[in-house]
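Everything on this sheet refers to the single structure shown next.
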2 protein chains.
Amino acid sequence: MSEVANPGEGRTRAVVEAVAPQVDGGRFPAKRVRGDTVLVEADCFADGHDAIAAAVLWRHESERAWRESAMTALENDRWRGAFRVTELGEYRYTVIAWVDHLLSWRRDFARRRDPDDIRIAALVGAAVIAAAAGRADGPDREQLARWAARLRDEQDAAALQRLGLDEPLASLAQRYPDRQFAFTHAELALFVERERARFGAWYEMFPRSASPEPGRHGTFRDVEARLPYVARLGFDVLYLPPIHPIGRAQRKGRNNALVAAPDDAGSPWAIGAAEGGHKAVLAQLGTVADFRRLVAKAREHDLEIALDIAFQCAPDHPYVREHPEWFRRRPDGTVQYAENPPKKYQDIYPFDFENADWRALWEELLDVFLFWIGEGVRIFRVDNPHTKPFAFWEWAIAEVRRRHPDAIFLFEAFTRPRVMHRLAKLGFSQSYTYFAWRNTKHELVAYFTELTRGPGREYFRPNAWPNTPDILTEYLQYGGRPAFAVRLVLAATLAASYGIYGPAFELAERTPREPGAEEYLDSEKYQLRDWDLGRADSLAGLIERVNRARRDNPALQADDSLQFFPVDNDQLLCYAKHTADRENVVVCVVNLDPHHAQSGWVALDLPALGIDPATPYQMHELLSGARYLWSGPRNYVNLEPQRAPAHLFQLRRRVRSERDFDYFM
Amino acid sequence: MSEVANPGEGRTRAVVEAVAPQVDGGRFPAKRVRGDTVLVEADCFADGHDAIAAAVLWRHESERAWRESAMTALENDRWRGAFRVTELGEYRYTVIAWVDHLLSWRRDFARRRDPDDIRIAALVGAAVIAAAAGRADGPDREQLARWAARLRDEQDAAALQRLGLDEPLASLAQRYPDRQFAFTHAELALFVERERARFGAWYEMFPRSASPEPGRHGTFRDVEARLPYVARLGFDVLYLPPIHPIGRAQRKGRNNALVAAPDDAGSPWAIGAAEGGHKAVLAQLGTVADFRRLVAKAREHDLEIALDIAFQCAPDHPYVREHPEWFRRRPDGTVQYAENPPKKYQDIYPFDFENADWRALWEELLDVFLFWIGEGVRIFRVDNPHTKPFAFWEWAIAEVRRRHPDAIFLFEAFTRPRVMHRLAKLGFSQSYTYFAWRNTKHELVAYFTELTRGPGREYFRPNAWPNTPDILTEYLQYGGRPAFAVRLVLAATLAASYGIYGPAFELAERTPREPGAEEYLDSEKYQLRDWDLGRADSLAGLIERVNRARRDNPALQADDSLQFFPVDNDQLLCYAKHTADRENVVVCVVNLDPHHAQSGWVALDLPALGIDPATPYQMHELLSGARYLWSGPRNYVNLEPQRAPAHLFQLRRRVRSERDFDYFM
């Protein structure tokens with residue numbers, strides 16, 4: 001049900017339809033971040049020829065009273081208004097519309113020609129204005145009453161018409177509209193998060209490999225020592241795979257071997273052992289106190305720690321013993337392990353969300369989030385949420401947010417589109433995407449157009465990852481170091497949120513476990529690795545420049561302005577992002593071919609970018625620092641994979657200074 | 001709110017989203033006609049990898065119990081089901097989905113290879129099947145219990161696998177699904193009307209001009225005499241402008257003159273005089289009893305009489321005296337007439353729907369509909385509904401339909417798109433359209449694509465009129481007789497419902513009141529006219545053939561299959577309609593140029609029309625009777641305006657007879 005009129009009031013003549021933003025008829029909130037200006041549009045109209053007025057009503061969930069701002073008519077009965085969100089949490093908003101008799105009267109009054117007609121119409125207007133006076137107080141009331149009286153008394157038609165069309169008095173009267181028969185749309189919701197929910201560069205690393213001594217298990221202290229490096233590269237979020245005790249029963253060995261050697265570290269996602277589960281820390285990493293210290297140290301580097309939440313258990317997780325009812329039993333009495341017949345994953349016990357004690361399970365899992373929030377974590381990367389009930393996530397995220405509206409949830413689900421959209425709608429802040437497998441121009445344009453123009457734009461925030469510990473794409477395997485550079489620039493500029501799994505990424509680690517596999521050989525998931533961060537061929541320098549460009553250019557900090565432009569070469573991809581006021585415009589041209597130089601003519605839509613097509617403009621290339629003078633929409637670009645995978649242009653307009661010389665800003 | 005799960009039941013794992021048809025999130029019903037098969041689609045999915053099942057539930061409003069039919073999966077979690085509507089009135093429907101443990105078990109069971117694994121899994125299946133047996137009765141219960149027992153007892157893995165995958169037993173078990181944790185979408189509504197709401201040819205005529213004696217006012221008896229003519233032309237509905245007493249005060253003269261001559265007939269839309277109003281009949285036409293007789297006579301010719309409902313009053317309408325509170329007063333005490341300053345329409349008093357006595361006004365206007373239903377009318381053409389509140393129409397139409405679900409409402413509103421769509425959504429069966437002003441190929445393709453593919457397809461049924469008493473388009477004024485032929489064929493084939501204002505149309509009446517006007521000179525709205533139906537240049541013969549083709553070809557009786565095809569000449573328009581089973585396919589090619597012969601190559605999408613591109617097919621031209629053998633998608637067409645404005649092909653497939661010769665059917 002998308003509307004609430006005045007039930008039982010047949011004199012409600014205005015109608016409000018098709019309010020945007022709106023997700024599934026109001027079933028889910030749209031999403032914004034703090035500081036956003038929310039544009040609200042609606043179809044507003046009434047029967048007949050009377051003028052109408054419309055307004056957006058909104059309030060933060062903590063407020064009782066509605067705030068209000070007038071809407072203005074666009075075309076075809078579409079109206080637009082706006083409000084700014086300054087607090088975290090849920091906002092409620094709606095649109096109200098009503099027949100505005102004063103506005104109708106003035107419009108008609110201006111068109112009247114016959115003096116008698118004007119004199120009679122003046123009396124009609126006087127009555128409408130007197131009614132407005134009755135709704136006003138103090139000096140406004142007096143002033144409006146005086147206006148009405150003069151319209152009643154004046155006899156000269158020309159003078160009457162001037163008086164009736166007085167603008168300041170009309171504006172005053174508009175402040176006391178007659179809304180007894182107004183139409184109010186059903187309330188809608190908007191969830192406001194902090195900026196990091198929309199914009200951030202993520203760096204994933206395994207603490208186990210953070211030790212400077214080859215072969216020694218890394219610790220949280222080692223991660224602390226790595227913080228300056230990650231910060232220098234310009235990342236905002238440092239994301240750690242699960243940090244909990246790792247199961248010993250059925251532990252997987254190196255390269256996912258079925259049987260582990262005695263010294264194999266096991267997978268961090270096989271959570272839980274005798275010493276603890278989801279609220280404990282793997283002893284080799286340190287203690288909970290060490291972790292808390294890491295969180296604090298990270299803050300000093302403007303880094304936030306994101307934790308991995310994987311709701312599944314190793315066979316020796318304490319839950320299995322303490323809450324046998326949370327797991328499914330096999331007829332032989334053993335606990336049901338994860339399986340996808342004929343494959344078996346005997347090191348993992350999934351929770352049975354259909355168990356009779358599901359409420360206790362839900363509460364305990366919520367408590368896992370709350371525990372780590374207690375230790376300073378505010379960002380969670382949730383593992384495989386699509387294998388747990390949607391209703392659980394909707395409840396758990398709402399419960400966390402009710403207490404901590406600054407919590408951010410990224411979900412890891414590489415699954416079917418509908419499932420991913422449901423997870424995004426029910427509350428997750430961000431989502432992993434299919435980006436890793438979108439390589440060609442056609443694929444990238446289609447996918448990012450869908451993400452930024454489709455209905456998901458109101459709730460689905462992409463976080464683009466060129467690689468993860470599970471995903472080493474063919475493009476990276478075969479494209480060499482230039483391929484990593486291409487994918488980095490694409491991820492960091494197409495998506496306001498992106499991440500890499502390092503140091504594998506910056507060191508262009510690209511050997512698969514076997515031909516055709518997307519898994520890494522000697523993956524850190526199952527063993528420690530020793531990374532040489534100082535290697536000459538590291539992509540750290542490029543990453544630093546790209547992240548610097550992201551921080552310096554607000555255009556790159558949101559996705560809704562993304563626009564693709566034609567290039568006469570299918571290996572070159574050209575697109576731009578801009579701020580709402582077009583003060584900041586970034587144009588990217590990327591060579592998708594990691595093997596060969598490619599050149600072509602790009603064709604920009606200059607008016608869309610706020611550029612006068614007749615005036616030259618400067619293209620400031622942010623990776624090299626070079627500056628080019630371009631003019632007109634068509635310009636030539638040449639990109640050599642070994643030298644530069646992409647141009648990342650900040651567009652600078654020519655400005656005439658006060659001292660009468662031109663410069664670009 | 002688009003969904004209702006099991007509130008408080010966290011084990012509800014399936015989800016149903018995006019059910020279609022659905023209008024404004026369920027705020028309004030979708031529309032169908034009796035006999036339709038309603039396809040219902042929805043996104044259905046659950047967390048994890050379990051199989052799900054889904055079904056459509058539906059019931060007629062008069063029934064308590066839901067009926068049910070299984071849905072099948074299409075692509076990407078989209079499911080489809082269907083039900084047939086056999087009764088008039090409202091249907092309720094929804095979609096239910098649930099995790100199907102038996103289906104999941106069987107899918108996995110088929111993939112198991114390890115004998116021990118198979119034996120344990122068989123026990124799991126036995127438990128699921130035993131639970132199904134518990135929900136069954138009688139022999140089904142026994143049979144399922146036996147199946148479970150055998151799965152428990154058998155030890156041979158191969159035999160177990162065969163037993164577990166038994167199809168008939170599985171089908172039996174599916175009849176007793178476990179739906180305790182099912183997800184049910186919010187109920188949606190569908191309004192079912194009789195076929196005439198979707199398909200019908202309308203003929204509008206003024207009874208005042210039906211007299212065979214020039215100068216004598218026509219009567220209902222004269223209209224009776226005209227019935228065979230209208231029926232021979234193949235029309236289904238005979239629509240009469242208002243038949244009520246016409247106001248004398250401020251009566252308009254011929255050609256809308258401000259002052260009427262004493263013998264001027266006045267406009268039928270200036271309703272009401274001393275002798276009666278909306279429930280009375282103009283004495284010159286006859287009596288209410290005569291009207292009832294006309295309605296009955298029309299039925300004998302398979303014609304239905306449609307009445308014009310225009311809710312407005314002449315100054316001498318009895319309502320003005322009896323219910324002064326229903327009208328707005330001017331400050332000088334007179335009643336407010338209709339105006340659009342500086343224009344005044346002093347012969348018309350609009351109702352004031354904001355008056356305090358609005359409930360009584362609504363009841364009285366409803367009673368107008370009920371009065372004429374009492375006299376046998378079931379089809380209403382409603383004049384200018386967009387100048388009365390939407391809420392009134394929604395209520396009034398629902399009240400009429402509650403008593404008379406066979407009532408049909410066509411609304412006349414040539415106004416802004418949003419307003420027209422709202423009227424369609426709130427209950428009107430059909431709408432006038434912008435067809436009269438869509439002349440070029442681009443305009444026609446864009447408009448009819450929007451009508452048949454846009455969201456309005458669920459509720460907005462176009463009724464296409466090439467002319468009306470108010471609309472004589474420039475195309476008709478300047479295109480001569482061929483222009484009328486072109487517009488007839490377009491209206492009658494693009495839209496399942498269409499109408500003409502005759503005899504002006506078939507006699508190609510095309511002189512405007514003044515240059516640039518769309519009004520007729522000497523319009524019947526203000527005077528009697530004498531029409532020579534037997535004129536040699538009458539289009540009656542063409543109309544008869546076109547209406548015959550409409551009746552013979554079910555493809556032309558609905559709009560949802562409309563598809564346009566390319567022609568390499570912008571003056572030629574090519575399109576097709578087909579039945580759902582493609583047993584009946586009609587292809588039209590129309591020459592939009594009324595002045596010159598035009599030729600070109602049409603390019604049909606043969607697979608879309610159910611034609612094997614490798615086999616010749618016959619094009620049976622229904623206006624001329626000619627038959628052409630075509631093969632392949634590209635074929636040549638030449639149309640001369642004076643000879644034939646269009647080809648109306650029935651497509652006949654080649655069929656091999658039992659006696660081994662080919663024929664086309």
Side-chain angles (χ1 to χ4, degrees), chain A residues 1-3 5 9-13 15 17-18 24-27 43 45-49 76-78 99 108-114 117 120-121 123-124 126-127 181 330-332 339-342 344 350 353-355 358-359 362 385-392 395 416-419 422, chain B residues 1-3 5 9-13 15 17-18 24-27 43 45-49 76-78 99 108-114 117 120-121 123-124 126-127 181 330-332 339-342 344 350 353-355 358-359 362 385-392 395 416-419 422:
Chain A
M1 193 78 122
S2 64
E3 61 181 60
E9 176 50 80
R11 288 169 290 183
T12 303
R13 292 173 47 209
V15 164
E17 288 186 340
D24 287 9
R27 165 67 180 83
D43 294 341
F45 51 89
D47 64 271
H49 308 292
N76 249 334
D77 296 315
R78 193 77 178 153
V99 170
D108 289 353
F109 198 60
R111 297 197 214 130
R112 295 185 189 276
R113 294 291 163 260
D114 174 46
D117 194 36
I120 288 185
L123 297 176
V124 174
F181 308 140
R330 303 176 81 217
D332 62 0
E339 58 172 352
N340 183 16
K344 305 177 179 184
F353 280 89
E354 289 183 347
N355 86 80
W358 60 272
R359 283 179 202 272
W362 283 26
H386 59 294
T387 58
K388 290 94 195 171
F390 301 104
F392 163 70
W395 172 84
R416 292 123 58 208
R418 300 283 183 277
V419 174
R422 181 82 182 185
Chain B
M1 193 80 118
S2 65
E3 59 182 62
E9 177 49 80
R11 289 170 288 184
T12 303
R13 292 172 48 208
V15 165
E17 289 186 341
D24 287 10
R27 166 67 180 82
D43 294 341
F45 50 89
D47 64 89
H49 307 292
N76 249 335
D77 295 315
R78 194 77 179 153
V99 170
D108 290 352
F109 198 58
R111 297 197 214 130
R112 295 186 189 275
R113 294 290 164 260
D114 174 47
D117 195 37
I120 288 186
L123 296 177
V124 174
F181 308 140
R330 304 176 79 217
D332 62 359
E339 59 173 351
N340 183 16
K344 304 176 180 185
F353 280 90
E354 289 183 347
N355 86 80
W358 60 271
R359 284 179 201 274
W362 282 26
H386 59 294
T387 58
K388 290 95 194 170
F390 300 103
F392 163 70
W395 172 84
R416 291 124 57 211
R418 299 283 183 279
V419 174
R422 179 84 182 183

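All chains are named by letter (A, B, ...) in the order of the sequence lines, taking the proteins before the strands, and each is independently numbered beginning at 1.
- Using a 4.5 Å cut-off between heavy atoms, Ala46(B) touches chain A through its backbone atoms (N, CA, C, O) alone.
- Chosen from Thr387(A), Val124(A), Val99(A), the residue pairing most often with chain B at heavy-atom distances under 4.5 Å is Thr387(A).
- Taking Asn76(B) as the reference, Pro417(A) meet the side-chain contact (heavy atoms from CB on, under 4.5 Å) condition, with sequence neighbours excluded.
- For chain B, the option among Glu354(A), Glu339(A), Arg13(A) with the highest count of heavy-atom pairs below 4.5 Å is Glu354(A).
- Residue Asn355(B) touches chain A through its backbone alone, counting heavy-atom pairs closer than 4.5 Å.
- Of all the listed residues (Trp395(B), Trp358(B), Phe392(B)), the one sharing the greatest number of non-hydrogen pairs under 4.5 Å with chain A is Trp358(B).
- When all heavy atoms are compared, the tightest approach of Gly10(B) to Pro389(A) is O-CB, 4.4 Å.
- Of the listed residues (Phe353(B), Phe390(B), Phe109(B)), the one with the most heavy-atom contacts under 4.5 Å to chain A is Phe390(B).
- A donor-acceptor pair is defined here as one N or O able to donate and one able to accept, closer than 3.5 Å; such a pair exists between the side chain of Arg111(A) and the backbone of Pro341(B).
- When each of Arg330(A), His49(A), Arg78(A), Arg359(A) is checked for heavy-atom pairs under 4.5 Å with chain B, Arg330(A) comes out on top.
- Options Pro385(A), Gly48(A), Ala18(A) differ in how many heavy-atom pairs under 4.5 Å they form with chain B, and the most are formed by Gly48(A).
- With hydrogens and angles disregarded, a donor-acceptor distance shorter than 3.5 Å links the side chain of Asp114(A) to the backbone of Asp117(A).
- Note on Asn340(A), Asp332(A), Asp77(A), Leu123(A): by heavy-atom pairs under 4.5 Å with chain B, the leading option is Asp77(A).
- With Asp43(B) as the fixed residue, the side-chain hydrogen bond (donor to acceptor under 3.5 Å, both in side chains) test singles out one of Arg422(A), Arg418(A), Arg416(A): Arg418(A).
- Only the side chain of Trp362(B) has a heavy atom closer than 4.5 Å to any heavy atom of chain A.
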